[in-house]
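Read through the structure below, which is laid out as C-alpha cells, and then see the notes.
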Amino acid sequence: MKNKNGRYQKLSRQSCKKLVKCFRFMLLGGNFILFILLGQIFAVQIVRAERMYENYDGQQQEISNEIKEQKLYAKSAVLMDGDSGRVLYGKNENAVLAMASTTKIMTCIIALEYGRMDDVYTVSSYAASQPKVKLGAMTGEQYRMGDLLYSLMLESHNDAAVILAEGIAGSVQAFAALMNQKAEDLGCQNTRFVTPNGLDAQGHHTTAAELARIMKYCISESPKKEEFLTITRTISYQFSDIKNKHTISCQNHNALLSMMDGALSGKTGFTGNAGYCYVGAVKKDGKLFIVSLLACGWPNNRTYKWSDMKYLIEYALAHYNYKNIYEIQSLQDVIVVDGQIPIVSLRVDDGQKELNYLIKEGEVVHIQKRLPNELAAPVDKNKAVGVIEYYIGEQKVKQYFVYPEESVRKIDFQWCLNEIKRLFLLQSK
C-alpha cells in the first residue's frame with residue numbers, strides 16, 4: 001500500500017528485507033537467539049514508522065485547520081462574523097475592485113429606507129434603454145416600488161435599478177449620492193457608487209471587506225432589514241405594470257438558498273470588468289457569517305463562487321464558536337492634582353459585563369488599558385479619562401471608556417479659606 005509518508009514505506013521495506021535475511025541465517029546457522037533479537041529490532045522499527053506516520057498525518061490535519069488561499073478562486077474574499085463585523089479571514093480584502101450587480105444590495109436598502117412599497121414610478125426613456133439583463137419596461141409604463149425591488153434582487157434587472165433611482169431621488173446621480181453617503185456612514189472609505197445597477201463605470205468600485213460590511217448593515221442593522229430579507233429570500237415572484245399590460249415572472253438566482261442550510265440572503269453579479277461576484281449570508285447553529293467574493297472567475301466559470309462560498313462557510317462553522325472574553329477589571333484610584341478631593345476612584349462603562357465573540361482555537365485575546373497616572377482638576381465625572389481595549393489577535397474588537405466616579409473641583413481661594421476654618425475648629429475642640 002502506498003503511504004503518504006515515503007519514509008514509512010521505505011523503512012518498512014528495509015525492515016522486511018532484514019527479517020528475511022535473519023530467517024535465512026536462522027535456518028542455516030540455527031542461531032535462534034539472534035533471530036529473536038533481530039525480530040525485536042524489526043518490531044521497534046515498525047513502531048517508529050507508525051509513529052512517524054501518525055505525526056505526519058497530524059501535521060496534515062493541523063494545516064487543514066487553516067484556510068488554504070490556493071483553494072479560493074476569488075481574487076478578493078472576506079469571511080466576516082455577521083454579528084460583530086470582525087473579519088475572520090481576508091484574501092486581498094482591501095483591494096479596490098469592480099462589484100457588478102452586488103451593487104444592488106445598496107440600491108435595495110436605500111430604496112426601502114427612502115421610498116414606500118406602494119409608491120408608483122414612471123419609466124423614463126433612459127431607464128428603458130438599459131442593457132440586459134432587464135425586465136423590458138417601456139417608456140411611460142408605471143410600476144410599484146415593491147414590485148421593482150423583487151425585479152431588482154431576484155432577476156437583477158438593470159432597468160428596474162434605474163427606475164427606482166429616478167423615482168426616489170429624481171436622477172441616477174442624486175440616487176448615487178444617497179448610496180455614497182450611506183457607504184460613508186458605514187465607514188466604507190474605498191467604496192464609491194456611480195450607477196444603481198453595477199454596470200461597469202469609471203470610479204464604481206468597492207472592496208471585499210466593505211461589501212461584507214454593507215451586507216451586514218442590510219441584514220442586521222437597517223430599520224428595513226426585515227423587508228430586505230423577505231425580498232432576497234423569496235424564490236419566485238410575479239407582477240404587472242399598473243395597467244396590467246406587461247406581466248413579469250421572476251426567479252431568484254441566488255442558488256445558495258437551496259444549496260446550503262441556513263442561507264439567509266445574497267446577491268450575485270457579473271460584468272466583463274468585474275467577473276463573477278457574490279455577497280451572501282448564512283445563519284446556522286446560532287452563528288451568522290457573511291462572505292463576499294470579488295473577481296471570482298470569468299466565463300465559463302460561473303460556479304466558482306459557489307465553491308468558494310461553500311468552502312468558507314463550512315470552515316467557519318467547523319472552527320468558530322462563541323466565547324465570553326469579558327474580564328472584570330481592577331482599577332486603582334487616581335491622584336487629582338490641585339483637586340479639592342485628593343484622590344478619585346475610576347469606573348468602567350461596561351454595561352452587561354458580557355462580551356461574546358466567535359473565536360477559533362489558537363486565537364489569543366488580550367486586553368490593553370490606557371489609564372492616567374493622575375488627573376488635573378477640575379475633573380468631570382461624565383468625561384472619559386481612559387479606555388480599556390479588547391483585542392483578538394491584532395484586531396481591536398471592543399473598547400470600554402473609563403470615567404471618574406465623581407466630579408472634582410479645582411482648589412480655589414474660597415476652598416482654602418473654608419479648609420483653614422475647618423482645621424481651626426478641629427483644633428479648638
Side-chain angles (χ1 to χ4, degrees), residues 54-55 57-72 74 76-93 208-221 225 229 233 256-266 278-293 305-329 348 350-369 388-400:
E54 288 171 358
N55 291 337
D57 189 57
Q59 291 171 359
Q60 290 294 98
Q61 183 65 32
E62 183 179 348
I63 293 172
S64 68
N65 286 341
E66 297 296 328
I67 292 176
K68 296 180 180 179
E69 189 170 296
Q70 64 269 27
K71 280 194 173 185
L72 294 173
S76 180
V78 154
L79 169 65
M80 176 181 283
D81 173 2
D83 287 325
S84 70
R86 183 167 79 98
V87 173
L88 306 178
Y89 170 79
K91 175 186 177 182
N92 301 322
E93 65 270 28
E210 293 185 358
L211 182 59
R213 174 68 186 93
I214 294 169
M215 176 58 96
K216 180 179 184 299
Y217 175 78
C218 291
I219 65 173
S220 61
E221 298 174 12
K225 59 182 181 293
L229 287 170
R233 297 179 73 178
L256 191 75
L257 293 174
S258 58
M259 184 185 301
M260 184 172 289
D261 290 341
L264 196 63
S265 181
Y278 184 72
V279 59
V282 173
K283 188 171 186 178
K284 188 176 181 181
D285 301 332
K287 311 168 192 176
L288 175 60
F289 297 104
I290 296 170
V291 169
S292 60
L293 306 166
K305 59 184 178 288
W306 305 127
S307 175
D308 282 5
M309 184 74 182
K310 184 172 183 288
Y311 176 65
L312 289 172
I313 291 297
E314 288 182 350
Y315 174 88
L317 288 169
H319 291 87
Y320 284 91
N321 293 290
Y322 276 104
K323 179 182 179 181
N324 182 13
I325 64 173
Y326 177 85
E327 293 183 14
I328 296 175
Q329 301 299 315
V348 184
D350 52 6
Q352 297 180 346
K353 304 184 186 303
E354 190 170 338
L355 202 54
N356 291 308
Y357 276 87
L358 286 169
I359 304 285
K360 72 174 181 178
E361 187 176 352
E363 284 192 305
V364 177
V365 177
H366 62 97
I367 302 169
Q368 186 169 342
K369 299 179 183 179
I388 296 175
E389 299 170 329
Y390 283 76
Y391 290 82
I392 302 176
E394 298 300 317
Q395 291 187 59
K396 184 170 74 172
V397 296
K398 185 70 175 179
Q399 66 178 20
Y400 294 113

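Since the structure is predicted, the reported quantities are computational estimates derived from the model, not experimental observations.
Residues meeting the salt bridge (charged side-chain N to carboxylate O under 4.0 Å, His left out) test with Lys360, sequence neighbours left out: Glu66. Tyr357 meets the side chain to side chain donor-acceptor pair (under 3.5 Å) test with no other residue; sequence neighbours excluded. Among residues two or more places apart in sequence or in another chain, the side chain to side chain donor-acceptor pair (under 3.5 Å) test is passed with Glu69 by none. Remark: Phe289 pairs with no residue by the ring pair (Phe, Tyr, Trp, His ring centres under 6.0 Å) rule, at least two apart or across chains. Judged as a side chain to side chain donor-acceptor pair (under 3.5 Å), and not counting sequence neighbours, Ser76 has no contacts. The salt bridge (charged side-chain N to carboxylate O under 4.0 Å, His left out) check on Lys396 picks up Glu389, with sequence neighbours excluded. With sequence neighbours left out, the side chain to side chain donor-acceptor pair (under 3.5 Å) criterion links Lys310 to Glu314. A search for ring pair (Phe, Tyr, Trp, His ring centres under 6.0 Å) contacts involving Tyr400 returns Tyr390, not counting sequence neighbours. Not a single salt bridge (charged side-chain N to carboxylate O under 4.0 Å, His left out) links Lys398 to another residue, sequence neighbours left out. Tyr89 pairs by the ring pair (Phe, Tyr, Trp, His ring centres under 6.0 Å) definition with nothing, not counting sequence neighbours. In this structure Lys353 satisfies the salt bridge (charged side-chain N to carboxylate O under 4.0 Å, His left out) test together with Asp350, sequence neighbours excluded.
More than 12 heavy atoms of other residues, nucleotides or ligands sit less than 6.0 Å from atom NZ of Lys287.
In this structure the side chain of Leu256 never reaches within 4.5 angstrom of the side chain of Ile313, judged on heavy atoms. Side-chain contact between Tyr311 and Ile67 is present, with heavy atoms from C-beta onward closer than 4.5 Å. You'll find the side chain of Leu264 reaches within 4.5 Å of the side chain of Leu288, heavy atoms only. When side chains are defined from C-beta on, Leu312 counts as touching Leu72, because their heavy atoms get closer than 4.5 Å. For the pair Leu355/Asn324, a side-chain contact is recorded, criterion being any heavy-atom separation below 4.5 Å from C-beta on.
At distances below 3.5 Å, not a single donor-acceptor pair connects side-chain atoms of Gln368 with backbone N or O atoms of His366. Side-chain atoms of Lys91 come within 3.5 Å of backbone atoms of Ala74 as a donor-acceptor pair (strictly under, hydrogens ignored).
Separation of atoms CE (Met215) and CE (Met80) is listed at 11.5 Å; rounding is to 0.5 Å. How far OH of Tyr217 is from CD1 of Ile290: 13.5 Å, rounded to the nearest 0.5 Å. To the nearest 0.5 Å, atoms CD (Gln329) and NZ (Lys369) are separated by 4.5 Å. Note that the NZ atom of Lys323 and the CD1 atom of Ile392 stand 9.5 Å from one another [nearest 0.5 Å].
The heavy-atom pair separating Leu257 from Ala263 by the smallest distance is CA-CB, 3.8 Å. In plain terms, the two heavy atoms of Lys305 and Leu293 that are nearest each other are O-CD1, 3.4 Å. Ser292 and Ala209 get closest at one heavy-atom pair: OG-N, 4.4 Å. In this structure, Leu79 and Ala316 approach most closely via the heavy-atom pair CD2-CB, 3.8 Å.
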Pair up each side-chain donor or acceptor in residues 81-88 with any protein partner under 3.5 Å, not counting sequence neighbours, and list the distances.
from  : atom 1 : to     : atom 2 : distance (Å)
Asp81 : OD1    : Asp83  : N      : 3.0
Asp81 : OD2    : Ser84  : OG     : 2.8
Asp83 : OD2    : Tyr322 : OH     : 2.3
Ser84 : OG     : Arg86  : N      : 3.1
Arg86 : NH1    : Glu363 : OE2    : 3.3
Arg86 : NH2    : Leu358 : O      : 2.7
Arg86 : NH2    : Glu363 : OE1    : 3.2

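Contact check on Glu221 versus Arg213 returns a salt bridge, with a Lys/Arg side-chain nitrogen under 4.0 Å from an Asp/Glu carboxylate oxygen.
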